[in-house]
Asker: 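Please find one structure pasted underneath; my questions will follow.
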Amino acid sequence: MQLYDTLTRGKQELPPAPGPVRMYTCGPTVYQRIHIGNARPFVISMWLRRWLAERGYDVTLVENITDVNDKIYDAAPGQSAALAAQAAQWYLEDTERLGLGRPDHEPKATETIPEIVGLIEELVRGGFAYEAGGDVYFRVARFPDYGRLSGQRLDQLEDDEDPSQLKEDPRDFALWKATKEGEDTAWDSPWGRGRPGWHIECSAMAEKFLGPTFEIHLGGLDLVFPHHENERAQSQAAGREFAQLWMHNGMLEFVGEKMSKSVGNVASLHDVLERWGRETILVYFLTGHWSKPVDFSEDTMEAARARVESFREVFRGASEPAREGEWERLVAALDDDFNTPEALALMHGWRDHDLLRRALDIFGLASLAEEQEAPSEIVKLAKRRQEARAARDWDEADRLRAEIEAAGWEARDAAEGFQLVPR
RNA sequence: GGCGCCGUGGCCGAGUGGCUAGGCAGAGGCCUGCAAAGCCUCGUACACCAGUUCGAUUCUGGUCGGCGCCUCCA
């Protein structure tokens with residue numbers, strides 16, 4: 001099993017199965033409903049977990065919920081805790097509807113404060129961090145490997161505009177921030193009341209549930225710098241090996257532009273679920289390689305919807321024996337950097353119901369194999385139509401077909417009888 | 001300015017040093033009372049310019065274009 005690794009900029013081999021694969025995925029900062037782009041790392045993580053399990057690994061997946069953060073304070077001044085709780089609930093509900101199950105652990109930053117404080121204390125003790133005015137900062141200059149993950153050179157970073165005098169070095173970043181007026185959440189620490197900085201919570205949560213080293217760290221490409229660079233610096237400075245392999249999923253683009261709140265072109269996962277349904281969303285994500293950007297548009301979603309229908313058609317037809325080596329080809333595609341577009345192309349050629357259902361199930365799409373039963377009144381109309389056809393009363397048959405169609409179903413003439421398909 | 005990803009037929013999107021990707025859309029045909037679905041056939045694509053090579057869409061260099069990130073910001 002090979003996966004593309006950001007750190008080494010090449011495919012890395014996973015240890016051979018069987019064995020443990022510990023995965024950590026950067027989940028959402030909860031201050032609003034997540035958008036369809038935020039759903040991608042969740043979907044990829046769940047799929048990869050299922051695939052690795054299929055391949056004989058013992059997988060543990062942790063996906064955090066960051067529920068204390070500047071963005072949350074900004075979004076709900078004085079009431080950030082309530083907003084975070086609400087948005088976390090939305091996140092759980094929306095991702096639940098994808099029908100992929102849940103990660104093994106979904107810790108919240110606010111439930112990991114003791115571990116966060118402990119990790120910061122270690123860093124201070126080791127000289128990798130320093131307290132300044134109730135804040136604690138990471139001393140970037142003390143960690144020579146800083147910048148390796150993102151390929152950033154320290155001397156080339158843009159100048160920090162922040163006139164704050166607290167930092168020794170403008171490149172240093174906050175591990176702990178003293179509580180400020182208007183912030184409604186704060187915890188005691190050796191440096192006074194305050195709350196975690198942005199990156200430290202992931203280092204603490206990963207270690208709490210996975211230990212000092214783990215096989216895979218996953219997250220959006222936009223998190224490479226500074227978020228993951230900083231996570232890595234903190235944990236490694238504290239003596240942990242941390243992640244062995246870094247996966248960064250590509251962004252969703254909306255007419256050639258990244259989907260993001262600041263551009264105002266977001267589509268919430270909730271809304272997209274309402275509009276297109278879970279199966280179309282999952283097939284849509286299947287069409288692009290996880291590491292590459294994908295276009296999100298009416299056209300790309302419509303094409304995904306058509307693929308969904310085409311799989312359903314296969315199950316409406318007769319099962320045919322698979323050709324030699326079909327499953328092995330799927331395995332080869334997925335074992336090579338989890339190439340789902342290739343896997344999807346292979347599946348489109350399959351007519352063996354059992355094999356296809358098994359493959360689709362990896363991606364949470366076994367439901368495509370389920371027959372969709374028409375309500376009895378529709379079946380009655382179809383039977384009347386069948387009788388009209390037997391009597392060669394084509395006008396009546398066409399009228400009934402229109403009636404069935406108006407009710408949302410399509411009447412198809414079959415060799416014997418008829419078939420009803422939802423429109 | 002720095003780091004990185006990418007540019008494939010109408011659209012989306014894999015992949016490969018010479019051998020059919022796949023899907024959507026489109027054209028023709030078979031089937032059908034008419035349809036739908038299905039099946040068959042059809043598009044000689046790989047930004048541009050050099051170079052390496054017997055041969056490059058695939059390797060190397062450059063050009064142009066798009067996108068992400070460059071410390072609290074998505």
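Residue numbers start from 1 in every chain, and the chains themselves are labelled A, B, ... in the order their sequence lines are given, proteins ahead of strands.
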Asker: Between B:rA21 and B:rC42, how far apart are the P atoms? Round to whole Å, please.
Answerer: 12 Å
Asker: Work out which heavy atom in A:Asp295 is nearest to a heavy atom in A:Thr300; give both atom names and the distance.
Answerer: O-OG1, 3.2 Å
Asker: Restricting both atoms to N or O, compile the protein contacts to nucleotides 22-31 of chain B shorter than 3.5 Å, with distance only.
Answerer:
| residue | atom | partner | partner atom | Å |
| --- | --- | --- | --- | --- |
| B:rG22 | N2 | A:Arg307 | NH2 | 2.9 |
| B:rG23 | O4' | A:Arg307 | NH1 | 3.2 |

Asker: Show me the side-chain donor-acceptor pairs of residues 361-383 of chain A shorter than 3.5 Å, one per line, residues at least two apart or across chains.
Answerer:
| residue | atom | partner | partner atom | Å |
| --- | --- | --- | --- | --- |
| A:Ser367 | OG | A:Arg278 | NH1 | 3.2 |
| A:Ser367 | OG | A:Glu279 | OE2 | 2.5 |
| A:Gln372 | OE1 | A:Arg316 | NH2 | 3.1 |

Asker: Tell me: CG of A:Asp295 to P of B:rG68, nearest whole Å?
Answerer: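 To the nearest whole Å, that distance equals 12 Å.
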Asker: May I ask you to check whether A:Phe242 and A:Phe214 place their ring centers less than 6.0 Å from one another?
Answerer: yes
Asker: For the side chain of A:Arg389, starting at C-beta, report the closest nucleotide among B:rG13, B:rC34, B:rA37.
Answerer: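 Output: B:rC34.
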Asker: Answer with yes or no whether A:Arg401 presents, from its side chain, a donor or acceptor under 3.5 Å of a partner atom in the base of B:rA35.
Answerer: yes
Asker: Using a cut-off of strictly less than 4.0 Å, decide whether A:Arg351 has a side-chain nitrogen or oxygen near OP1 or OP2 of B:rC39.
Answerer: yes
Asker: Should the pair A:Arg49-A:Glu63 be classified as a salt bridge under the 4.0 Å nitrogen-to-oxygen rule?
Answerer: no
Asker: For B:rG15 and A:Asn339 - does any side-chain N or O of the residue sit under 4.0 Å from the phosphate oxygens OP1/OP2?
Answerer: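 Result: yes.
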Asker: Would you kindly give the NE2-to-P distance between A:His199 and B:rC72, to the nearest whole Å?
Answerer: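 Going from A:His199 (NE2) to B:rC72 (P), I get 9 Å.
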Asker: With heavy atoms under 4.0 Å as the rule, sort A:Ala414 into base, sugar-phosphate or nothing.
Answerer: nothing
Asker: Can you confirm whether A:Arg423 is buried at CZ, in the sense that more than 12 heavy atoms of other residues, nucleotides or ligands lie under 6.0 Å from that atom?
Answerer: no
Asker: What does A:His289 touch in the nucleic acid at a heavy-atom separation under 4.0 angstrom: a base, only the sugar-phosphate, or nothing?
Answerer: sugar-phosphate
Asker: Could you check A:Arg423 against A:Leu175 and say which one's nearest nucleotide on RNA chain B is further toward the 5' end?
Answerer: A:Arg423
Asker: Round to a whole Å and report the spacing from CG of A:Asp222 to C1' of B:rC70.
Answerer: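 After rounding, the gap between these two atoms is 13 Å.
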Asker: Report, one pair per line, the protein and nucleotides 3-5 of chain B atoms (nitrogen or oxygen only) whose separation is under 3.5 Å.
Answerer:
| residue | atom | partner | partner atom | Å |
| --- | --- | --- | --- | --- |
| B:rC3 | O2' | A:Ser150 | O | 3.0 |
| B:rC3 | O2' | A:Gly151 | O | 3.2 |

Asker: May I ask you to say whether A:Glu403 pairs ionically with A:Arg399, meaning some side-chain N is under 4.0 Å from a carboxylate O?
Answerer: yes
Asker: Any idea how A:Trp47 and A:Phe285 line up, ring-wise: parallel (<30°), tilted (30 to 60°), or perpendicular (>60°)?
Answerer: perpendicular
Asker: In this structure, how many angstroms lie between the P atom of B:rC34 and the CG atom of A:Asp393, rounded?
Answerer: 16 Å
Asker: If I take atom CZ in residue A:Phe418 and atom C1' in nucleotide B:rU32, what distance separates them, rounded to the nearest angstrom?
Answerer: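 Atom CZ in A:Phe418 sits about 18 Å away from atom C1' in B:rU32.
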Asker: A:Arg316 near the nucleic acid: base, sugar-phosphate alone, or nothing, with a heavy-atom cut-off under 4.0 Å?
Answerer: nothing
Asker: Does the pair A:Asp413/A:Arg385 count as a salt bridge with the N-to-O cut at 4.0 Å?
Answerer: yes
Asker: What stems, by residue range, does RNA chain B take part in, given at least 3 consecutive Watson-Crick or G-U pairs under 3.5 Å?
Answerer: B:1-7 with B:64-70, B:10-12 with B:22-24, B:26-30 with B:38-42, B:47-51 with B:59-63
Asker: Would you mind checking if A:Asp70 and A:Arg195 are paired as a salt bridge, meaning a charged N to carboxylate O distance below 4.0 Å?
Answerer: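 Counted as a salt bridge, because a side-chain N and a carboxylate O are separated by less than 4.0 Å.
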Asker: Could you say whether A:His227 or A:Asp413 is positioned toward the 5' end of RNA chain B, judged by the nucleotide with the nearest heavy atom to each?
Answerer: A:Asp413
Asker: The criterion is ring pair (Phe, Tyr, Trp, His ring centres under 6.0 Å); which residues satisfy it with A:His227, sequence neighbours excluded?
Answerer: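 Residues passing ring pair (Phe, Tyr, Trp, His ring centres under 6.0 Å) with A:His227: A:Trp198, A:His199.
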Asker: Rounded to whole angstrom, note down the P distance from B:rC59 over to B:rU44.
Answerer: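 The same atom, P, in both gives a distance of 25 Å.
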Asker: Does A:Lys167 come within less than 4.0 Å of A:Asp135, counting only side-chain N to carboxylate O?
Answerer: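 Not counted as a salt bridge, because no side-chain N and carboxylate O are separated by less than 4.0 Å.
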Asker: Expressed as a whole number of Å, how far does the C1' atom of B:rG9 sit from that of B:rG23?
Answerer: 14 Å
Asker: Grab the CD1-P distance between A:Ile281 and B:rC12 for me, whole Å please.
Answerer: 21 Å
Asker: Can you check the distance between B:rA25 and B:rG43, where both ends of the measurement are the C1' atom (answer in whole Å)?
Answerer: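 Result for the C1' pair: 12 Å, nearest Å.
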Asker: Salt bridge check: are A:Arg33 and A:Glu274 linked by an N-O gap of less than 4.0 Å?
Answerer: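 No, no charged N to carboxylate O under 4.0 Å.
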Asker: What distance, rounded to whole Å, do you find between the two C1' atoms, one in B:rG15 and one in B:rU20?
Answerer: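 The same atom, C1', in both gives a distance of 12 Å.
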Asker: Whole angstrom is fine here: how far is it from CD in A:Glu201 over to C1' in B:rC72?
Answerer: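 About 11 Å, once rounded to whole Å.
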Asker: Sticking with atom C1', work out how far B:rU57 lies from B:rA14, rounded to a whole angstrom.
Answerer: 13 Å
Asker: Can you tell me how far C1' of B:rU71 sits from NZ of A:Lys177, to the nearest Å?
Answerer: 10 Å
Asker: Using ring pair (Phe, Tyr, Trp, His ring centres under 6.0 Å) as the criterion, list what pairs up with A:His270, not counting sequence neighbours.
Answerer: none
Asker: Which of the following nucleotides, B:rG33, B:rU71, B:rC72, is nearest to the side chain of A:Asp398?
Answerer: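 Among the listed nucleotides, the one closest to the side chain of A:Asp398 is B:rG33.
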Asker: Would you say CZ of A:Arg329 has more than 12 non-hydrogen atoms from neighbouring residues, nucleotides or ligands within 6.0 angstrom?
Answerer: no
Asker: If I pick the C1' atom on B:rU71 and the same atom on B:rG13, what distance separates them, to the nearest angstrom?
Answerer: 35 Å
Asker: Base, sugar-phosphate, or nothing for A:Arg385, non-hydrogen atoms under 4.0 angstrom?
Answerer: base
Asker: I'd like the C1' distance from B:rC31 over to B:rC40, given in whole Å.
Answerer: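 Pairwise C1' distance, B:rC40 against B:rC31, rounds to 11 Å.
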